[in-house]
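In what follows, a structure is listed as structure tokens, so that the remarks can point back to it.
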Amino acid sequence: MPTLLVKNADVVVTMDATRREIAGDIFVRDGMIEAVGTTPQIADNIVDAAGCVVTPGLVNTHHHLFQTLTRAVPGGQDALLFGWLKTLYPIWGRMGPDHMFTSVQIGLAELALSGCTMSSDHLYLFPNGVRLEDTIEAAQTIGLRFHPTRGAMSIGESDGGLPPDSLVEDEAAILEDCIRLIDKYHDSRDGSMLRIGIAPCSPFSVSRELMRDAALLARDKGVMLHTHLAENDEDVTYSLEKFGCRPGQYAEDLGWVGEDVWHAHCVKLDTSEIDLFARTGTGVAHCPCSNCRLGSGIAPVRQMRDAGVNVALGVDGSASNDSGNLIAEARQAMLLQRVQNGADSIGAREILEIATLGGAKVLGRPDCGSIEVGKRADFAIWDMSGLQNVGAWDPVAALVFCGPQSVRDLYVEGHAVVSDGHLTGIDLGAVIAHANALVRQLVT
């Protein structure tokens, strides 16, 4: 594999054990970082990063990429979580494999341009012949590390669940497909570009039995578990009424805590649940923009971090965020914690840590998340010479406070995914045109 030298960076934000920020170079061989700071000056590919800040690639730990074709849908724009879902379920039920494939291309393209090198995805409905393979194949055209999860819904309206009966699946078939996908695609090695997880959608759309069986299967197969938890007051009320306990207790009873588990949202965790997550190493995907959009509240990130909970960022589905920009999500996360806890409660550097190292930790990727010798060569190069940074004294803080909101270059495993602001793997204009044609079909 060709060697790569990124030279002359104004600042390299390493996120190493001492959180060094240095001026200098990064040398890459065979997809791994071989030197940082003082490096060899000869390489097959040389990239000049003068005027730039280089960060580890941002990590997105919660998304529903299939929702990318259903942004700003009338009827769901001003609804709370449950009403929003009921508006969107029938539209999603008309999707097929082409919708899924194209949604993933658009969603991951948006993430890549915003500095993301690794993303999870939570696909929990499979209408009209859709398979998880549709998302995997689409991700390979973009070039990001991909952690798709085999989601599911099994309790429809007729059985007291939220989704329509047409979108739920038989639980035995769900587990059988999880086994098939893990055996065929999951790669647990360092440097893996593809890892499969198991992700029953939520406590209000699957049975206790499926939650428990999914946890047992994941431990048997050595893969991670993911679901939604304590997203808003409706979610907590549902748990109390249906299960007689709060969401955290429900998760613990069914084996859904531990370092191999991460939960999305967790807006309404109480002190005892925060302590449970800290004690067990359970991760949280914080989705600030989606939580604002749906009026769910502000997640207790400061309290979780102080207690030792592993917290990462997620953009959530584009139907409840309407954007998939991960650096913008980081800024929103910082501002919301300041609204809740004061301007001195969290800073730009801590948010960058959550967005990079925090995401890698939550997804179980010690091989990623920082720029240091022996880690995978995943990093973002941000040009700080533009209009939004004029007058900025601290370039690292300015990346969060000011911008830019898109990268100049993005590298994954030492390969250029974005070069000079353009995706290298797809014709983005053609994909956008095709996506818009699919949207017109859904609208009519």
Side-chain angles (χ1 to χ4, degrees), residues 1-50 52-61 115-119 144-145 147 188-193 195 259 283 305 310-313 326-327 330 347-382 384 394-397 399-400 407-418:
M1 180 178 177
T3 52
L4 169 68
L5 172 64
V6 176
K7 66 176 186 178
N8 301 328
D10 285 9
V11 185
V12 177
V13 182
T14 66
M15 289 297 168
D16 65 9
T18 61
R19 304 299 187 265
R20 289 185 306 152
E21 296 174 6
I22 59 175
D25 308 337
I26 304 167
F27 184 77
V28 175
R29 188 192 306 273
D30 296 331
M32 295 182 66
I33 298 171
E34 192 172 280
V36 180
T38 301
T39 70
Q41 292 302 301
I42 298 175
D44 298 302
N45 299 311
I46 298 177
V47 176
D48 190 352
C52 298
V53 169
V54 184
T55 68
L58 310 187
V59 179
N60 177 43
T61 60
C116 177
T117 54
M118 178 162 57
S119 181
L144 300 192
R145 295 191 195 277
H147 283 229
S188 61
R189 296 172 296 178
D190 280 359
S192 169
M193 294 294 293
R195 291 189 180 176
E259 293 181 358
R305 291 271 296 175
N310 299 325
V311 179
L313 291 183
L326 197 50
I327 192 65
R349 285 169 169 81
E350 185 173 1
I351 286 294
L352 282 175
E353 179 182 322
I354 291 170
T356 56
L357 199 60
K361 188 170 185 177
V362 162
L363 291 184
R365 298 300 300 257
D367 53 336
C368 302
S370 61
I371 298 174
E372 52 186 320
V373 174
K375 292 294 187 79
R376 313 312 299 191
D378 295 5
F379 46 81
I381 301 176
W382 308 85
M384 305 301 288
D394 177 346
V396 177
L399 180 57
V400 177
V407 292
R408 193 194 77 178
D409 307 297
L410 187 76
Y411 287 86
V412 177
E413 195 73 1
H415 296 285
V417 172
V418 178

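- Counting only distance, with no hydrogens or angles, the side chain of Arg145 and the backbone of Asp378 share no donor-acceptor pair below 3.5 Å.
- Taking 4.5 Å as the limit, some side-chain heavy atom of Asp394 sits within range of a side-chain heavy atom of Arg349.
- The two residues Thr356 and Gly57 make their nearest non-hydrogen contact at CG2-O, 3.7 Å.
- Here the closest heavy-atom approach between residue Ala360 and residue Gly369 is recorded as CB-CA, 3.8 Å.
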request  = Carefully, step by step, assess Val418 and Asp409 under the rule side chain to side chain contact (heavy atoms under 4.5 Å, CB included).
outcome  = CA-CA 5 Å; Val418 178; Asp409 307 297; 5.7 Å; no

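- Heavy atoms only, all atoms of each residue included: Leu313 and Ala330 are closest at CD1-CA, 3.6 Å.
- Looking at residues two or more places apart in sequence or on another chain, you find a side chain to side chain contact (heavy atoms under 4.5 Å, CB included) between Asp367 and Asp190, Arg365, Arg376.
- In this view, Arg29 and Glu34 satisfy the side-chain hydrogen bond (donor to acceptor under 3.5 Å, both in side chains) rule, not counting sequence neighbours.
- Of the possible polar contacts, none joining the Glu21 side chain to the Arg19 backbone as a donor-acceptor pair under 3.5 Å is found.
- Here the closest heavy-atom approach between residue Leu4 and residue Gly414 is recorded as CD2-O, 4.0 Å.
- Under a 3.5 Å cut-off, the side chain of Thr39 and the backbone N or O of Ala35 do not form any donor-acceptor pair.
- Here Asp30 pairs with nothing under the salt bridge (Lys or Arg N to Asp or Glu O under 4.0 Å) rule; sequence neighbours left out.
- Within 6.0 Å of NZ on Lys361 lie no more than 12 heavy atoms contributed by other residues, nucleotides or ligands.
- Judged as a side-chain hydrogen bond (donor to acceptor under 3.5 Å, both in side chains), and not counting sequence neighbours, the contacts of Thr3 are Asp44.
- In this structure the side chain of Met15 reaches within 4.5 angstrom of the side chain of Leu352, judged on heavy atoms.
- Residues Ser119 and His147 form no side-chain contact, since every pair of their non-hydrogen atoms from C-beta on lies 4.5 Å or further apart.
- Residues passing the ring pair (Phe, Tyr, Trp, His ring centres under 6.0 Å) test with Phe27: none are found, sequence neighbours excluded.
- With sequence neighbours excluded, the residues satisfying side chain to side chain contact (heavy atoms under 4.5 Å, CB included) with Val59 are Thr61, Met118, Leu363.
- Inter-residue side-chain proximity for Leu144 and Val417 is flagged as met; some heavy-atom pair is nearer than 4.5 Å.
- Inter-residue side-chain proximity for Asp25 and Val6 is flagged as unmet; no heavy-atom pair is nearer than 4.5 Å.
- For Thr38, there are no side chain to side chain contact (heavy atoms under 4.5 Å, CB included) partners two or more places apart in sequence or in a different chain.
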task = Go through the steps to decide whether Cys52 and Arg408 satisfy the test side chain to side chain contact (heavy atoms under 4.5 Å, CB included), and finish with yes or no.
result = CA-CA 9 Å; Cys52 298; Arg408 193 194 77 178; 3.7 Å; yes

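- In this view, Asp16 and Arg20 satisfy the salt bridge (Lys or Arg N to Asp or Glu O under 4.0 Å) rule, not counting sequence neighbours.
- Residues forming a side chain to side chain contact (heavy atoms under 4.5 Å, CB included) with Ala17 (at least two apart in sequence, or on another chain): none.
- Shown here are the salt bridge (Lys or Arg N to Asp or Glu O under 4.0 Å) partners of Arg305, two or more places apart in sequence or in another chain: Glu350, Glu353.
- Contact annotation: the side chain of Ile22 never approaches that of Val11 to less than 4.5 Å [non-hydrogen atoms, C-beta and beyond].
- In this view, Glu259 satisfies the salt bridge (Lys or Arg N to Asp or Glu O under 4.0 Å) rule with no residue, not counting sequence neighbours.
- Nearest approach of Val362 to Gly283, heavy atoms of both residues: CG2-CA, 4.2 Å.
- Distance CD1/Ile33 to CD/Glu372: 8.0 Å, rounded to 0.5 Å.
- Note that CG of Leu326 is 5.0 Å distant from CG of Leu58, once rounded to the nearest 0.5 Å.
- Val54 places none of its side-chain heavy atoms less than 4.5 Å from the side chain of Tyr411.
- When every heavy atom of Pro395 is checked against every heavy atom of Val53, the shortest pair comes out as CB-CG2, 3.8 Å.
- In this structure the side chain of Ile381 reaches within 4.5 angstrom of the side chain of Val47, judged on heavy atoms.
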task = Start with the C-alpha gap between Val28 and Phe379, add the side-chain angles, then the distance that decides, and say whether side chain to side chain contact (heavy atoms under 4.5 Å, CB included) holds.
result = CA-CA 11 Å; Val28 175; Phe379 46 81; 4.0 Å; yes

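- Every residue two or more places apart in sequence or in another chain that forms a side-chain hydrogen bond (donor to acceptor under 3.5 Å, both in side chains) with Asn8 is listed here: Asp48.
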